[in-house]
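Beneath this line is the structure, given in structure tokens, with notes to follow.
Reminder, nothing fancy here: chain letters follow the sequence lines and each chain counts from 1.
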Amino acid sequence: MPATPVDDHTEEFEQLAGLSALDVLEGEERTRFEQHAAGCERCQVMVRLDREALARLSLAAPEMDPSPDFKARLMQRAALELAQPPTSAVAEPPPHPDPTEIRQPIPIRRPPNVIPLWRSSPWARAIAALLVVGLVTVGAYSYENQPIATYELNGSTSGTARVVVRRSGTAVLEMHGVADPGPGFLYEAWIIGPDGKPKPAATTVSGSATVPLTGDVRGTTVAITRELGRSDVPTPPILMKTEVTS
Amino acid sequence: VTATPAPQPELAQLEALYDAHHRQAIGLAYRILGNLGDAEEAVQEVFLSAWRAGHTYDPARGSTHTWILSMVRNRSIDVLRARRRRPVQPLAEGVDPPDAMSDVPAEAASNVDAESARQALNSLPPEQKQAIELAYFGGLSHSEIAAQLAAPIGTVKGRIRLGLDHLRVAMGVQQDLLSAS
């Protein structure tokens with residue numbers, strides 16, 4: 001059954017409903033809309049459905065890999081939190097309890113006066129500390145491999161390709177979902193410097209592969225061609241390319 | 001006050017949450033922030049907040065994905081706005097888990113995949129798509145969008161409204177609730 005608007009409902013309120021769903025409504029407009037929507041079922045439904053559509057819109061962003069050590073850093077931070085000793089075993093009650101606080105919803109967050117078992121147990125803390133040491137070691141080892149920039153290659157072929165530049169200055173070419181080049185053929189990556197001369201940088205016989213690029217890609221154009229065996233000069237057309245600025 | 005044991009937030013739970021959602025989360029944060037370092041920082045805060053809240057990954061509940069992505073979008077927009085004008089607010093650890101959310105229905109992500117979301121966005125007329133993207137991924141208000149596009153505010157409001165109407169239809173959101181107007 002369609003939601004019913006109230007008598008003062010206008011097209012403008014429907015515009016404000018969209019802005020409210022986007023969380024960009026501010027000031028007098030926000031107050032006016034909220035007062036109206038409080039009694040307007042149609043606006044309430046519109047905001048809810050707009051938010052539902054927008055939540056799905058978040059899926060439109062292309063998936064992406066983080067830095068190789070991102071997971072280790074995340075787990076390291078979590079392990080550090082686990083290993084951190086509690087600051088206070090018992091919370092002092094408020095001197096003058098405010099009765100209005102009793103009506104507040106119970107927070108999902110753990111109350112500060114609770115000592116979790118994993119913090120009170122020396123064994124658990126020792127294990128957590130060892131985990132931290134291990135993760136720190138892994139993190140330091142992989143620091144140099146941290147990507148500092150990613151460049152998507154543009155072209156007419158299916159699939160995606162990108163150049164990932166690492167902190168160490170090295171770079172890799174990542175290809176996903178590109179059709180395989182076919183029997184006898186391969187994909188060859190080229191680094192084209194400011195002088196315009198292409199230099200062979202990598203080859204792969206698969207359309208889904210990660211290969212290191214030979215040479216410094218910074219300030220160059222990276223391009224991909226399809227070649228009948230490894231070549232020293234690119235065979236047109238260029239299938240995909242990107243400019244690497246960093 | 002008596003100290004009582006709380007549920008143990010296992011690292012394995014965080015890992016499961018991360019493994020299930022990190023690529024989309026990083027992609028969304030990167031789409032908004034345009035910088036991998038900032039994107040990772042935002043996503044890290046979101047995963048830790050979800051983990052601290054005691055949430056565990058349940059493959060049967062597709063809404064977890066939307067919940068995580070909604071937090072990533074909110075956090076990223078906060079960072080984006082902080083670059084422009086105001087400080088970043090810390091994420092509340094007690095953020096509502098999916099089963100307590102009223103504004104993002106549980107089925108939101110379960111029946112629409114990434115490709116159909118992209119198709120829905122790309123099906124919008126260019127001026128509507130641009131306005132929606134600037135608001136959703138850019139965190140711009142309608143007046144900021146109007147200034148950026150050199151268009152009247154009323155025009156921008158109208159484009160956003162029409163764009164959202166179009167998106168709802170393209171994504172199959174319950175249109176019948178609004179059909180008689």
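Residues A:L57 and B:F137 come closest through the heavy atom pair O-CZ, 3.9 Å. A:L59 approaches B:R118 most closely through the heavy-atom pair O-NH2, 4.1 Å. Listed here is the closest heavy atom pair of A:F70 and B:I26: CE2-CD1, 4.1 Å. When all heavy atoms of B:L164 and A:G18 are compared, the closest pair comes out as CD1-CA, 3.4 Å. Minimum interatomic distance between A:A60 and B:A117 (heavy atoms only, all atoms of both residues): N-CB, 3.9 Å. Taking every heavy atom of both residues into account, B:K157 and A:L19 meet most closely at CG-CD1, 4.0 Å.
Most heavy-atom pairs under 4.5 Å with chain B: of the set A:L22, A:D50, A:D23, A:T150, this distinction falls to A:D50. Looking only at heavy-atom pairs under 4.5 Å with chain A, the residue among B:L48, B:N122, B:V43, B:N74 that has the most is B:L48. Comparing B:E115, B:Q44, B:R31, B:Q119 by how many heavy-atom pairs each has under 4.5 Å with chain A, the most go to B:Q44.
Between the side chains of B:H142 and A:E29, a donor-acceptor pair is found at a separation under 3.5 Å. A donor and an acceptor atom, one from each side chain of B:E40 and A:S67, are located under 3.5 Å apart.
Using a 4.5 Å cut-off on side-chain heavy atoms (C-beta onward), A:E81 and B:W51 make contact. Side-chain contact between B:I145 and A:V24 is absent, with no heavy atoms from C-beta onward closer than 4.5 Å. Looking at heavy atoms from C-beta onward, B:E15 lies in side-chain contact with A:M75 at the 4.5 angstrom threshold.
Annotation: the span from A:R77 atom CZ to B:L14 atom CG amounts to 11.0 Å, rounded to 0.5 Å. Rounding to the nearest 0.5 Å gives a distance of 9.0 Å between CD of A:E52 and OG1 of B:T66. Atom-to-atom distance recorded for B:S143:OG and A:E26:CD is 7.0 Å, nearest 0.5 angstrom.
Crowding of A:R30 atom CZ: a count of heavy atoms from other residues, nucleotides or ligands under 6.0 Å not exceeding 12. Sparse packing is recorded around CD of A:E243, with 12 or fewer heavy atoms of other residues, nucleotides or ligands lying under 6.0 Å away. With a 6.0 Å radius and a threshold of 12 heavy atoms from other residues, nucleotides or ligands, B:E41 has its CD atom at or below the threshold. For CD of A:E34, the number of neighbouring non-hydrogen atoms (other residues, nucleotides, ligands) closer than 6.0 Å is greater than 12.
Contacts between B:L140 and chain A at a heavy-atom distance below 4.5 Å involve the backbone alone (N, CA, C, O). A:A17 touches chain B through backbone and side chain together, each having a heavy atom under 4.5 Å away. If you measure heavy-atom distances from B:D19 to chain A, the contacts under 4.5 Å come from the side chain alone. Contacts of B:R161 with chain A are made by side-chain atoms alone, with heavy-atom separations under 4.5 Å and no backbone atom involved. Of the atoms belonging to B:L36, it is side-chain heavy atoms, and not backbone ones, that fall under 4.5 Å from chain A. Only the side chain of B:Y30 comes within less than 4.5 Å of a heavy atom in chain A; its backbone stays farther off. Residue contact with chain B, scored on non-hydrogen atoms closer than 4.5 Å, involves the side chain of A:E12 exclusively.
The backbone N or O of B:M171 sits less than 3.5 Å from a side-chain atom of A:R56, completing a donor-acceptor pair. Remark: the backbone N or O of A:A61 is paired with a side-chain donor or acceptor of B:Q24 at under 3.5 angstrom.
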I would like to know whether B:R159 and A:Q15 meet side-chain contact (heavy atoms from CB on, under 4.5 Å); could you show each step before the answer? CA-CA 9 Å; B:R159 286 176 185 172; A:Q15 292 180 344; over 6 Å; no
